[in-house]
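Both backbone and side-chain heavy atoms feed into the values below; hydrogens, waters and symmetry mates do not. Quick note on labels: first sequence line is chain A, next is B, and so on, each numbered from 1.
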Amino acid sequence: MVKIGITEKKDENFSEWYTQTVLKAELIDYSQVKGFIILREYGFSIWENIQSILDKKFKKDGTKNAYFPLLIPESLLNRESEHFKGFTPEVFWVTKTGDNDIENKLAIRPTSETIAYESYAKWIKSWRDLPLKLNFWNSVLRAEIKDTKPFIRTSEFLWQEGHTAHETKEEAEKQVNVMLKLYKDFVNEYLALPILTGKKSDKEKFVGADYTLTLEGIMPDGKALQMGTSHQLGQNFSKPFEISFLGKDEKQHFVWQTSWGVSWRLMGALIMIHGDDKGLILPPKIAPIQVVIIPIYYDEGKKNEIIKVIEKIKEQLDEKGVRSYVDSSEQHTPGWKFNQWEMKGVPIRVEIGPKDLDNDSLVVVKRNSRDKKNIAISDNPADSIIKELEVIQEELFESAKMKHSEMIFKSDEYNELCNRLTNDRGFIKSAWCGSRECEDKIKDETGADVRLIEDEAISSSCIVCGNDATNSVYFAKSY
RNA sequence: CGGGGUGUAGCGUAGCCCGGUUAGCGCGCCUGCUUUGGGAGCAGGAGGUCGGAGGUUCGAAUCCUCUCACCCCGACCA
C-alpha cells in the first residue's frame, strides 16, 4: 500500500505532523513571503463558522461591527508610549507610494487601539454616548522572522478585536469579565477545547493595559498556547487620546476602556488537540462538512438506485440543518475517499453500497472512534446521524479534558518545578510572590513563563524565593 | 543578527565529488479501456530558462565568484 497520507505520527514528531496535517487537509498553503500563509477554502470555512458564532454572541452583548483603516500614522501609534514601545520592533511600515517617499510614514496596523481611539475621542461627548462597544473583524500584521507556524505564529493573522468605552471603572471591569466568559463558553462548547483562565503577570500582559485576562490551552507537546485575551485598559488610552465625556455630574471624565480578541490561533489549537495520526478531527459544531456520504457501486443499475437513496438522505439532512456532502466523484475509489475525508476531519462518514441496499441499511462511521454502525435507511436516518454528531461533540470534549488534566501538575519545590518544566513540560501550578525577579529567574533557568495567575487567594510561600505568596500561578513553556 | 544546510517538472528526488549523447525516476496531471466495501491496473501522452547573475572551458545541472530564497540550530521577541 502506498503511503500518501500523513507520514508522521502525532506523538513521534509532533511538529512535522502538524505541518503535514494543515497542508494535506488543505486548510492552508504557504505563500511566497515567509511568515505569511494562504487560508484555503476549507480552512476559511472553519474560520467562517467561528466568526458567525462569535459574531452572534458579540451582538447579543450589544457590540456592533465596524471597520477601521489598515494604515496608521506614526504620530497616532506612538501617542501612548508604553503601547508603542511594545509593538515597534514588529511593525511593518509603508514609506513609499510608487517611487515617491511618503513624508510621514504609515504603520500597517499591528492592532487598532490607536487609530480607533482617535475616532472615539471625536464621537464620545456625553455619558449618553456610552457605552460604546465596537468590534472589528480584520487582519493585523506583526513581523515574525523566526519560528513561524501556521495559525500559531504568522506575520499576518485573522482575528477580531473588540474595543469598548465605559463611564466607570466597574463597568469596564464587568465587560472584561463578560468577554472572558463568552470566549470560554465558546471554546468549550463549540471547539470542545478545555482551557484555563486567569490573569496575566505584569510582564506578560498587553502593553498599555492595566491588566489582561487570558485563556490558556495546553498543547500535546506540553507547550501552552494563549487562545484569547480580554484587557482592562483603564484610562491608559483615554487620557493621551483625550476620550472624555460630560457626566451626569456635569463634569468632564475620561472613559474607561476594554479591548479583547481571539484569532485564528483557535484553529491551531483545534487541530493540535483533536487531530490524530490520520489527520484532522473536527468537532461537529465547527466542521464545514459534518457528514460525508460515499456511494459504492459496481454497475450502472446499482449506481442509479444508490444515488437515488443518497439524494433522499441528503435532502433529509439539509432540512434538519446538517452540513453534508456527497462525494460521488468517479476519479477515486471508495478506499481513497475514506482516507481523504478522514484526513480532512469530517466527523461522520456514511457509506452506501449494494449490500446495504439489500439489507435496508447504511454504514455510519465516526471519525473520532472509527466505530462502524448500521442504521436502517427506512427509519429516518437523519435523526440517528444528528444524535451521533452530538455524541461526537461530547466525546471530543471529554477526551480533550482528559488529556488536558494529564498535562497539569502541582509543585511546591523549586528543583522539582524546574525538572518538570524542562523534562515533562505541561502546566505546573505553584505559589508565586508576584515579583519580577522570581518570574525572570524561572524564565532564565527553564524557558517557562507565568502563563496565568489564579483568581482565588491563598496563603503560601513563593516557590522561588520563599517569601509570602498570595496566589497560585501556572508556569509553562509556550508558543 | 551568528553558525550550518538545501535549491533539478505541480510535489518528492537521482545525477554534482570526477564537466562530455536527447537531464533519469516515483507520485500527481491528460487520453482510452478495465476497475470501485480501506489509498486500483494496463497502455499511450503532456510537462524542465537545473533558484538568479557573472566567470572558467571547445563544452557547465556538474568547477569558481557573487547574489536571492527557503529550512534547521542558537540569540532576541506579544
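For the C1' atoms, the distance from B:G47 to B:G26 is 15 Å, rounded to whole Å.
A 4.5 Å side-chain heavy-atom check between A:F36 and A:E156 finds at least one atom pair inside the cut-off.
Comparing A:E300 and A:R451 by the nucleotide of RNA chain B whose heavy atom lies nearest to each, the residue mapping closer to the 5' end is A:E300. Both A:H231 and A:Q340 lie close to RNA chain B; mapped to their nearest nucleotides by heavy-atom distance, the more 5′-ward contact belongs to A:Q340.
Judged purely by atom type and a 3.5 angstrom limit, A:H274 uses its side chain to pair as donor or acceptor with the backbone of A:L191.
Residues meeting the side-chain contact (heavy atoms from CB on, under 4.5 Å) test with A:K443, sequence neighbours left out: A:K203, A:D449. Here A:E439 pairs with nothing under the salt bridge (charged side-chain N to carboxylate O under 4.0 Å, His left out) rule; sequence neighbours left out.
Rounded to a whole Å, the CD atom of A:Q331 is 7 Å from the P atom of B:C30. Put simply, CG on A:D299 is 13 Å from P on B:U34, counting in whole angstrom units.
Exactly one residue among A:L452, A:V450, A:I453 makes a side-chain contact (heavy atoms from CB on, under 4.5 Å) with A:Y474. That residue is A:L452.
Residue A:T333 has no polar side-chain atom (N or O) positioned under 4.0 Å from OP1 or OP2 of B:G39.
Taking the ring centre of A:F186 as origin, the terminal cationic atom of A:K57 falls outside the region bounded by 6.0 Å and 45° from the ring axis.
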>> Once pairs are restricted to Watson-Crick or G-U wobble with both distances under 3.5 Å, how does RNA chain B read as a dot-bracket string, [ ] for crossings and | for other-strand pairs?
In response: (((((((..((((......[...)))).((((((.....)))))).....(((((..]....))))))))))))....
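Using a 4.0 Å cut-off on heavy atoms, none of the residues of residues 266-273 of chain A approach RNA chain B. Applying a 4.0 Å cut-off to non-hydrogen atoms, the residues of residues 362-370 of chain A that approach RNA chain B are A:V363, A:R370, listed by residue number. Of the residues in residues 346-360 of chain A, those placing a heavy atom less than 4.0 Å from an atom of RNA chain B are A:R349, A:E351, A:G353, A:P354, A:K355, A:D356, in numerical order.
Between A:Y325 and A:W341, the ring planes lie tilted relative to each other; the angle falls in the 30° to 60° range.
At a threshold of 4.0 angstrom between heavy atoms, the contacts of A:Y297 include nucleobase atoms, whether or not backbone atoms are also involved. Contacts of A:K203 with the nucleic acid, taken as non-hydrogen atoms under 4.0 Å apart, are absent. Residue contacts for A:E342: at a heavy-atom cut-off of 4.0 Å it reaches a base atom on one of the strands shown. As judged by a 4.0 angstrom heavy-atom cut-off over every strand, A:T229 is placed among the base-contacting residues.
Taking the six-membered ring for Trp, A:F151 and A:W47 have ring centres at least 6.0 Å apart.
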